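Data first, discussion second: the structure below is written as structure tokens.
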2 protein chains.
Amino acid sequence: MARKLKTFQTISRSDLAWCRKLRLHSELPDENVAALRSIVSPVRVLPEDLVIVREGDLSTQCCVILSGFAYRSKVAENGKRQILSFHIAGDMPDLQGLPLKRMDHDLTTLWEARLGFIKHEALESVLEPRPTLARALWRETLVDALLFRQWIVNLGTRSTAGRMAYLIGELRQRLATMGLVVNEQFDFPITQSKLADALGLSIVHVNRVLQTFRTEGILDLKRRVVTLKDSKRLSSSADLTAWRTMLSARKIEIRSRRIRPAGQSKGTGRAG
Amino acid sequence: MARKLKTFQTISRSDLAWCRKLRLHSELPDENVAALRSIVSPVRVLPEDLVIVREGDLSTQCCVILSGFAYRSKVAENGKRQILSFHIAGDMPDLQGLPLKRMDHDLTTLWEARLGFIKHEALESVLEPRPTLARALWRETLVDALLFRQWIVNLGTRSTAGRMAYLIGELRQRLATMGLVVNEQFDFPITQSKLADALGLSIVHVNRVLQTFRTEGILDLKRRVVTLKDSKRLSSSADLTAWRTMLSARKIEIRSRRIRPAGQSKGTGRAG
DNA sequence: CGATTTGTTGACCGGTGTCAATGTGGGTGG
DNA sequence: CCACCCACATTGACACCGGTCAACAAATCG
């Protein structure tokens, strides 16, 4: 039996965390935030695994996650699915659709999520007289790109355990800024199969890595809840450095990177 | 002896390919393009391996590659360097610095490159009365993000040969739109060490993959020049990845992605 | 011409994918 | 309420891709 898609007219008090988040990256006048908030309609609750927009679609609206989880994914020619990113409350995962229109990937709910939708038309007319707000949204899409770059580093340079640790660590950090981490515990309703698709690993290996984390008392991921057992290494630094060093404790050498001595023919200096 | 950094006052006739490229993604009035062109100053020729901006820097200007090559990279905590993307004539690889300011990665010349610099101040004042142009630049940064997503798919889902094939294939395509592919041949002055850092592989393995491509008559990468011998098999060799999974025959279906029958409790439909 | 970087090749083995079998919990229908 | 079922999680055996080490060749540069 399909869950009902409840529709609400306005965003509720608890949904305002989204506005707080926008202001984390940009200074915005109250009026701008209010204008943006006023065009969020409708608000819906979507069930798990529902495709919000599909690759190839033309966007006509974008959404903001008020609560719950979503993920972006893409299917390669060989049929393997790659999960590109996970999204949490406060994220606008298809904001890029405003300038780009054509979706290059799927956006799907990872779990029941409360979504606010914003029509592109309405958004355009709100942005037109508010360059500061437009700039803030541009910035949001760039933060998005920044996370993609970090994810590339993650896939390309880290051990499998390191990748997993990074995923959890990044998520913890993002959830924490939204106040969604309590007692070093947070909701993350993911299957190992999806973890595998995100990390580019086999399901079996994902399972083994999680086992290791459990037996070594690092973290536990069970029943849709992540419990960080050794949070010291996490909380010590915002950029997870200690966390990662600890886990990838194998190779500290610098691979294929030559530091040229100063004064060589090939520039080591800086373009001004 | 360091090569001289020649400085020119204006961009030359051959540099205008950049403007053509901007118009590929957006419809722009002549006046807008002219305004943008007018603030490119100075134009410099930088030698190989010169850092243009470094991770952590505050951007005060951005650059446009008029000719030559550059790459973006990031060093992970374990010391491994990940190359995030390669950039060619027409690209503005640090445009994101305009809204974001703080660089999250390095930008370096891969080879001698002719770069035009644009001061952020000047750019802001050109963009302020030209929302269409501003939108076009936003779009450029989103195309950038799109390529990053594809690169994630590449790293996460393809075999090593497939990854290499994809890299060359993407580059071919981008160079072709700039008219830089002649006779299925193009300049790409890269070392195997850098290829390794881009693909997340060891240098030795990169070498072996290139050997395979050579002996199988797919492509040849030598002396800074890529020669495509069999571009059909190249593009399908990203698919050649599938030879492993195809041998196990059964699955054209998507791995770890279940299509639920309609009417189940978990949605398969589309959020409208 | 020597020095340094880059490319090439072989031997070895550890990390991961694949296959296959089994356990487990929650939902569903009788 | 129970029995079944299905998705998901877990575990072991085994093969092989790809990293590491090491030595050498070739190209490039001063």
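Nothing here was measured: the structure is a model prediction, and the numbers come from that model. In what follows, every chain begins at residue 1, and chains take the letters A, B, ... in the order their sequences are listed.
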Taking only residues two or more places apart in sequence or in another chain, which ones pass salt bridge (charged side-chain N to carboxylate O under 4.0 Å, His left out) with D144(A)? R72(A)
Got a salt bridge between [X] and [Y], using NZ or NE/NH1/NH2 to carboxylate O under 4.0 Å?
| X | Y | answer |
| --- | --- | --- |
| D106(B) | R81(B) | no |
| R172(B) | E184(B) | yes |
| E77(A) | R158(B) | yes |

Could you write out each protein N or O paired with an N or O of nucleotides 11-13 of chain C at a distance under 3.5 Å?
none

Kindly say if [X] contacts the phosphate of [N], meaning a side-chain N or O under 4.0 Å from OP1 or OP2.
| X | N | result |
| --- | --- | --- |
| S202(A) | dT18(C) | no |
| R224(B) | dG7(C) | no |
| Q192(A) | dA7(D) | no |
| N207(A) | dT10(D) | yes |
| T160(B) | dC17(D) | no |

Given atom [atom1] of [X] and atom [atom2] of [N], what is their separation to the nearest angstrom?
| X | N | atom1 | atom2 | answer |
| --- | --- | --- | --- | --- |
| D49(B) | dC29(D) | CG | C1' | 15 Å |
| Q211(A) | dG15(C) | CD | C1' | 17 Å |
| L201(A) | dG18(D) | CG | P | 14 Å |
| R223(B) | dA26(D) | CZ | P | 12 Å |
| I203(A) | dT16(C) | CD1 | C1' | 14 Å |
| H205(A) | dC16(D) | NE2 | P | 19 Å |
| N78(A) | dG17(C) | CG | C1' | 14 Å |
| E48(A) | dC6(D) | CD | C1' | 14 Å |

Among side-chain atoms of Q185(B) and T227(B), is any donor-acceptor pair under 3.5 angstrom? yes
Can you figure out which of dT28(D), dG19(D), dC8(D) approaches the side chain of T191(A) most closely? dC8(D)
Measure the acute angle between the ring planes of F188(A) and F86(A), then classify it against the limits of 30° and 60° as parallel, tilted or perpendicular. perpendicular
Tell me whether K74(B) contacts the main-chain N or O of D104(B) through its side chain, where contact means a donor paired with an acceptor under 3.5 Å. yes
